Amino acid sequence: MSYNLSNLLYLVTIVSFILALRFLSNPAQARRGNQIGAAGMVLAIVVTWVKIGSTSWWAIAIAMLIGGGFGAVAARKVQMTAMPQMVALFNGVGGGAAALIALAELHKILPEQGAPKADISLGIVLSALIGSISFAGSMIAFAKLQELIGGRPITYAGQQFVNGALFVGGLGCAIALVAGVQDEWLLWITIAASLAFGVLFVLPIGGADMPVVISLLNAFTGIAVALGGFELQNNLLIVAGMLVGASGTLLTLMMARAMNRSVANVLFSGFGQVSEAAAAVAAGDGGAVRSATAEDVAVMLAYAHKVVFVPGYGLAVAQAQHDVRQLADLLESKGVEVSYAIHPVAGRMPGHMNVLLAEANVPYPQLKEMDEANPEFSRTDVAVVVGANDVVNPDARNNQGSPIYGMPILNVDDAQTVVVLKRSMNPGFAGIENPLFYNPKTVMLFGDAKASIDQLIADVKPL
Amino acid sequence: MSHNTLLVFEVTILVLAIFLGVEVISKVPTLLHTPLMSGTNAIHGVVIVGAMIVLGQPDKSAFTWIVGFSAVVLASANVVGGFVVTDRMLEMFKSRERPKKPDDA
């Protein structure tokens, strides 16, 4: 296949990817868009296959079967609640592939006489650097979300220094390669330092900040792939990689803005650190907590006009989305107006709660974004907070000393009554006290979210 | 085409892709941010093209063989997993009821 023909066909693939993203602006078309993107991907693979000819075709086929088989099985088997870690995993392997390509390319050109062309070299080393960070970082994010390692921030003295040294060291070796010190071990050091940096930079980031991290790593892989396009002089990789890089970066900024923090603050502040001081402040004026039984809450719900559910990560952990949906249906059958208020950073990845509730067949017009939901709380009878904590913490509005001060929150305390479903009085993921629990309007319903909701369903039914 | 001409051309494409990406993505509602992440995740699986080129080059060393093979394995997992997960997510977004009741997870 000629160079021009294959590039034209790659252009078709590029258009299909753009359409796939374009169709995502409308939930009704989004699935079609994804299928168009997948078709474009198949085209690109076929074109590449024909271009390569017969060289090692069987090895490529075997490798594809192994990787594709694993991907298909993992993606089909996974529970919807485990989506964030799946996204992290598939993101990581993409970054790993980009780093490996860089390694192979450098290995190929290094023994040649004279220096390699500088731009190729720069593409190679940066692709190796960023791809390795993305791979290692995504694997740690996966391990955290899968709870293979603790989700709380892990910090130690001198952490920023060690991370900085690793990054600068890796980058230094990469630049030395480009500058003309052309030894292969420099790339090995670059890769080793980047892997270590990827691990150490995600480790200290708390679970609540995962939406920012996951979208950032997504952007990293995209950029690594685009740089790989420079190595291989392939337009498809450049455009597709950069589309992802740009979208991931934009999403990262949006998530950080939703928390009213800078990306740097999210990545390097070690969010859990501040919690002790803040907890001490909050504990001082902690009033009484009112706890209620499921029967009490059931009565409130059944005789309300408008009920708003506020889901958080606890909903995903308890896998209570179907139960919440059943309770909502039951309430609607009794004439109660039900909606869901979704905070942009609730959960562990951007839009996490929307997917979770969609799985439980909640119609998406009932899912309200923060700007739409907040004015509604003042005419809401009962706001039911299920497994959310920081995103409803009034300290974000009032307490300048709070680590989350300034973060836009869902103003559930504007509602007549707030019901908080919570396992115990332990502070949330970020380890921050929540004065909402001490608000006289608030009643606590302690216990596992799924069990509590089921109890509520049983108690609402006869009313 | 001289080497520098090609590079300038590639940088042009890169910069245009950045603007295109920002333009297209800013139209995606927050409702669909997870499928967006997952969908872009699948798209960067296009790295498989690069991995195939590496493994498909003639007269390669054993090192390139192993590295290229691993790259194709990882990239295929990225492509297939990415598109399948995205499809599963998008399948669930409904504006109205499905006739069949979901069974409890």
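Residue numbers start from 1 in every chain, and the chains themselves are labelled A, B, ... in the order their sequence lines are given, proteins ahead of strands. In this text, all values refer to a predicted model and were calculated from it rather than measured experimentally.
When each of I66(B), L36(B), T64(B) is scored by its heavy-atom pairs under 4.5 Å with chain A, the top score falls to L36(B). Ranked by heavy-atom pairs under 4.5 Å with chain B, the list A226(A), A38(A), G96(A) is led by A38(A). Contact tally against chain A (heavy-atom pairs below 4.5 Å) for I53(B), V73(B), V24(B): the top residue is V73(B). No other option in I43(B), I18(B), V54(B) has as many heavy-atom pairs under 4.5 Å with chain A as I43(B). The candidate with the highest count of non-hydrogen atom pairs below 4.5 Å against chain B, out of V47(A), L65(A), V87(A), is V87(A). Taking V239(A), I18(A), T221(A), I66(A) one by one and counting their heavy-atom pairs under 4.5 Å with chain B, the maximum is reached by T221(A). Note: I101(A) leads I101(A), L243(A), V225(A) in heavy-atom pairs under 4.5 Å with chain B. Annotation: maximal heavy-atom pairing with chain B below 4.5 Å, among N26(A), T13(A), N235(A), L367(A), occurs at N235(A). The candidate from A42(B), S38(B), A51(B), G39(B) with the greatest count of non-hydrogen atom pairs under 4.5 Å with chain A is A51(B). In terms of heavy-atom pairs under 4.5 Å with chain B, the best-connected choice from P350(A), A99(A), S25(A) is P350(A).
Between V355(A) and H33(B) the shortest side-chain heavy-atom distance does not fall below 4.5 Å. Two residues are said to be in side-chain contact when any heavy atoms from C-beta on lie closer than 4.5 Å; F90(A) and V80(B) fail this criterion. Counting heavy atoms from C-beta outward, V46(B) and F17(A) have side chains that approach closer than 4.5 Å. Put simply, the side chain of M92(B) does not reach to within 4.5 Å of the side chain of N361(A), judged on heavy atoms. When side chains are defined from C-beta on, L103(A) counts as touching F63(B), because their heavy atoms get closer than 4.5 Å.
Separation of atoms CG (N41(B)) and CE (M86(A)) is listed at 11.5 Å; rounding is to 0.5 Å. Atom CZ of F23(A) sits about 13.5 Å away from atom CG of L32(B), to the nearest 0.5 Å. The distance from atom CE of M64(A) to atom CG of L55(B), rounded to the nearest 0.5 Å, is 9.5 Å. Remark: M37(B) CE to N218(A) CG distance equals 4.5 Å, nearest 0.5 Å. How far CD1 of I342(A) is from OG1 of T30(B): 9.0 Å, rounded to the nearest 0.5 Å. Atoms CZ and CD, from F9(B) and Q233(A) in turn, are 11.5 Å apart once rounded to the nearest 0.5 Å.
For chain B, the nearby part of L251(A) is the side chain; its heavy atoms alone come within less than 4.5 Å. There is no contact between Q366(A) and chain B, counting heavy-atom distances below 4.5 Å. When heavy atoms are compared at a cutoff of 4.5 Å, F83(B) approaches chain A by way of both its backbone and its side chain. Contacts of V49(B) with chain A are made by both backbone and side-chain atoms, with heavy-atom separations under 4.5 Å. Neither the backbone nor the side chain of E23(B) comes within contact range of chain A; no heavy atom of the residue lies under 4.5 Å from a heavy atom of that chain. Residue V15(B) does not touch chain A at all, counting heavy-atom pairs closer than 4.5 Å. For K77(A), the part sitting under 4.5 Å from any heavy atom of chain B is the backbone (N, CA, C, O) and nothing else. Using a 4.5 Å cut-off between heavy atoms, S61(B) touches chain A through its side chain atoms alone. If you measure heavy-atom distances from M353(A) to chain B, you find no contacts under 4.5 Å at all. With a threshold of 4.5 angstrom between heavy atoms, A75(B) approaches chain A through its backbone and through its side chain. Contact of L31(B) with chain A is made through backbone and side chain together, with heavy-atom distances under 4.5 Å. The parts of I214(A) that come within reach of chain B are both its backbone and its side chain, each placing non-hydrogen atoms under 4.5 angstrom from that chain. Heavy-atom distances place both the backbone and the side chain of P27(A) under 4.5 Å from chain B.
Every residue two or more places apart in sequence or in another chain was checked for a salt bridge (charged side-chain N to carboxylate O under 4.0 Å, His left out) with K60(B), and none qualifies. Every residue two or more places apart in sequence or in another chain was checked for a salt bridge (charged side-chain N to carboxylate O under 4.0 Å, His left out) with E369(A), and none qualifies.
Among all heavy-atom pairs drawn from G21(B) and A246(A), the shortest one is CA-CB, 4.2 Å. Considering every non-hydrogen atom in both S56(A) and W65(B), the closest pair reads OG-CZ2, 4.4 Å. Considering all non-hydrogen atoms of both residues, L100(A) and S70(B) come closest at CD1-CB, 3.6 Å. Here the shortest heavy-atom pairing between M52(B) and I52(A) reads O-CD1, 3.2 Å. Closest approach of A104(A) and V67(B) over heavy atoms only: CB-CG1, 3.9 Å. Residues L74(B) and A97(A) approach most closely at CD1-N, 3.8 Å, considering heavy atoms.
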Q: Tell me, with the steps shown, if R22(A) and K27(B) meet side-chain contact (heavy atoms from CB on, under 4.5 Å).
A: CA-CA 8 Å; R22(A) 190 74 193 79; K27(B) 295 197 172 66; 3.9 Å; yes

(Q) Between M242(A) and L20(B), does the side-chain contact (heavy atoms from CB on, under 4.5 Å) criterion hold? Intermediate values first, please. (A) CA-CA 9 Å; M242(A) 211 51 232; L20(B) 182 63; over 6 Å; no

Q: Report the C-alpha distance between E105(A) and Q57(B) in whole Å, list the side-chain angles of each, state the deciding distance to 0.1 Å, and finish with yes or no for side-chain contact (heavy atoms from CB on, under 4.5 Å).
A: CA-CA 11 Å; E105(A) 282 299 296; Q57(B) 59 199 356; 4.2 Å; yes

**Q.** Residues V85(B), M83(A); criterion side-chain contact (heavy atoms from CB on, under 4.5 Å); working and verdict
**A.** CA-CA 8 Å; V85(B) 162; M83(A) 278 300 154; 3.4 Å; yes

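Side-chain N or O atoms of R88(B) include one that pairs as donor or acceptor with a backbone N or O of V78(A) at under 3.5 Å.
Looking at L21(A), T249(A), L24(A) one by one, the single match for side-chain contact (heavy atoms from CB on, under 4.5 Å) with I25(B) turns out to be L21(A).
Looking only at atom types and distance, the side chain of T34(B) has no donor-acceptor partner in the side chain of N354(A) under 3.5 Å away.
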